[in-house]
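As structure tokens, the structure follows; a few thoughts come after it.
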Amino acid sequence: MAAKACSVLITGANRGLGLEMVKQMVESPWPVRQLLACCRDLDGLRAEGLRDLAKKHPNVITVIRLGEYSLCSIILFLHTLVGSLVGKAGLNLLVNNTGVLTYGTMQTTSTQKMQAAFNTNIMGPMDVTKEFLPYLQAAATASGKPGMSCSKPAVVSISSTVGSIATIKEMYSFFPIASAGLNMLTLCATEEFRKDEILFAVLHPGWVRTDMGGEGGAIDAPESVEGLLCMMDSLTEKQTGAFLDHEGKVMPW
Ligand code: NDP
């Protein structure tokens with residue numbers, strides 16, 4: 001990757017995998033010049049770790065309030081902040097990391113609960129990607145180099161292998177529906193923006209010991225994120241539209 005060339009935006013950056021990504025990106029040789037770390041409650045207890053990191057790296061991390069996904073809040077901060085931060089170089093890497101786990105079946109899940117899961121896991125990534133498109137396109141122009149990578153424009157969605165239609169087994173939760181939706185959204189966007197040289201990929205982080213993954217998870221967040229960053233670093237035009245896990249294994253759609 002090019003030295004200190006990247007501007008990166010991460011959603012759901014205040015805890016779990018998002019916070020660990022911010023940490024590893026600023027504290028490792030990952031070449032991040034500008035890191036826009038988004039969360040919905042900047043002042044809350046759950047953003048304490050992110051606020052501390054931002055204090056330690058004030059020239060790199062900017063913490064941005066990205067509320068319950070609504071276009072208005074996105075546009076508001078977009079116009080006031082992001083353009084001036086990323087400048088003409090544009091945005092190189094957008095990581096759609098925010099997600100919510102919904103338990104329940106058709107008989108126990110209300111329309112409202114399902115709608116909320118779709119809003120967070122599908123509409124959120126779609127709205128954020130759409131609104132940042134001009135900055136991603138600016139990064140493609142600024143790069144002036146052929147090919148695709150995460151130091152040119154790229155959109156990486158952190159999704160789950162439970163959204164895999166090909167491998168569905170006995171399942172008592174509706175969570176896979178939103179994951180499958182995000183996966184398909186990514187595939188459609190891959191084709192729509194191939195001509196703009198914007199790389200799209202879906203990454204599965206493994207079963208990770210976070211608030212979402214629970215204590216029984218197979219790995220901890222640092223190990224998962226180390227793998228995810230390694231994957232992001234290795235992506236090229238050959239992997240646009242790929243669905244990989246944190247170890248680089250190809251996941252079935
Ligand atoms: P966590 O539950 O630890 O963190 C979720 C993050 O998403 C938090 O920053 C949370 O913010 C944010 N968030 C949730 N709902 C909303 C919302 N409506 N609006 C704005 N922000 C919201 O999850 P993980 O870190 O474990 O997961 C990160 C990603 O990885 C998710 O997309 C998840 O689906 C995926 N994943 C995780 C696995 C695991 O084993 N952990 C397995 C497979 C996939 P707040 O603090 O404000 O709630």
Side-chain angles (χ1 to χ4, degrees), residues 9-24 36-51 53-54 63-74 77 94-103 112-129 131 155-164 167 171 173-183 185-186 201-229 231-232 243-247 249 251-252:
L9 184 143
I10 302 177
T11 64
N14 60 305
R15 62 187 167 99
L17 295 171
L19 180 62
E20 184 61 30
M21 273 185 236
V22 174
K23 188 168 184 287
Q24 289 197 23
L36 313 179
C38 302
C39 72
R40 58 179 161 176
D41 182 11
L42 298 190
D43 309 315
L45 267 183
R46 290 203 293 205
E48 208 172 0
L50 180 59
R51 289 196 301 268
L53 260 182
V63 182
I64 290 175
R65 187 186 307 276
L66 188 54
E68 295 298 324
Y69 284 118
S70 77
L71 231 43
C72 305
S73 68
I74 294 170
F77 87 79
L94 164 56
V95 184
N96 282 317
N97 166 71
T98 296
V100 70
L101 177 56
T102 317
Y103 291 106
Q112 288 82 350
K113 198 171 166 193
M114 198 66 183
Q115 190 67 60
F118 276 27
N119 283 347
T120 303
N121 294 5
I122 306 174
M123 301 312 297
M126 182 174 129
D127 285 348
V128 171
T129 306
E131 289 306 322
V155 178
V156 172
S157 294
I158 309 301
S159 183
S160 175
T161 191
V162 298
S164 167
T167 59
M171 183 64 72
S173 159
F174 260 26
F175 176 57
I177 301 174
S179 298
L182 175 59
N183 296 356
L185 177 86
T186 308
V202 178
L203 295 182
H204 168 66
W207 181 20
V208 195
R209 290 186 286 272
T210 60
D211 291 341
M212 183 185 286
E215 286 174 7
I219 52 173
D220 60 18
E223 182 181 347
S224 168
V225 167
E226 215 173 288
L228 292 173
L229 295 191
M231 278 307 103
M232 290 183 210
F243 182 13
L244 307 167
D245 76 357
H246 65 294
E247 293 177 321
K249 280 195 228 104
M251 299 284 105

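Values below: all heavy atoms of this structure, side chains included; hydrogens, waters and symmetry mates excluded. Whatever order the structure lists them in is the order used to number ligands and atoms, beginning at 1.
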Would you check if the side chain of [X] reaches a backbone N or O of [Y] as a donor-acceptor pair within less than 3.5 Å?
X	Y	result
S224	G206	no
S157	S159	no
R51	L45	no
N121	V100	yes
N97	T11	yes
T210	G213	yes

- Considering only heavy atoms, which of N97, D41, L66 lies nearest to atom 31 (C) of ligand 1? N97

- Name the option, out of G206, G44, G213, that contains the heavy atom nearest to atom 38 (C) of ligand 1.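 Nearest option to atom 38 (C) of ligand 1, by heavy atoms: G206.
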
- Query: Mind checking what makes salt bridge (Lys or Arg N to Asp or Glu O under 4.0 Å) contact with R209, not counting sequence neighbours?
  - Reply: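 Applying salt bridge (Lys or Arg N to Asp or Glu O under 4.0 Å) to R209 gives none.
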
- Task: Using the test salt bridge (Lys or Arg N to Asp or Glu O under 4.0 Å), find all partners of E247 that sit at least two apart in sequence or belong to another chain.
- Result: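 E247 satisfies salt bridge (Lys or Arg N to Asp or Glu O under 4.0 Å) with K249 once adjacent residues are dropped.
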
Taking heavy atoms and a distance under 4.0 Å, where does [X] meet ligand 1: side chain, backbone, both or neither?
X	value
T98	both
L17	both
R40	side chain

- Taking the non-hydrogen atoms of P205, is any one of them nearer than 4.0 angstrom to ligand 1?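 Yes, P205 has a heavy atom closer than 4.0 Å to ligand 1.
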
Where ligand 1 meets [X] - atom numbers and elements under 4.0 angstrom, heavy-atom basis:
X	answer
G12	9 (O)
I158	29 (C), 30 (O), 32 (O), 35 (C)
T210	3 (O), 24 (P), 26 (O), 41 (N)
D211	3 (O)
N14	8 (C), 9 (O), 11 (O), 45 (P), 46 (O)
S159	43 (C), 44 (C)
W207	40 (O)
S160	43 (C), 44 (C)

- Message: Quick check: do L182 and V202 have side-chain heavy atoms less than 4.5 Å from each other?
- Response: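 Counting from C-beta outward, L182 and V202 never come under 4.5 Å.
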
- Note on the structure: Between the NE2 atom in H246 and the CD1 atom in I219, the distance rounded to the nearest 0.5 Å is 3.5 Å

- Query: So is R15 polar-close to ligand 1, meaning N/O to N/O under 3.5 Å?
  - Reply: yes

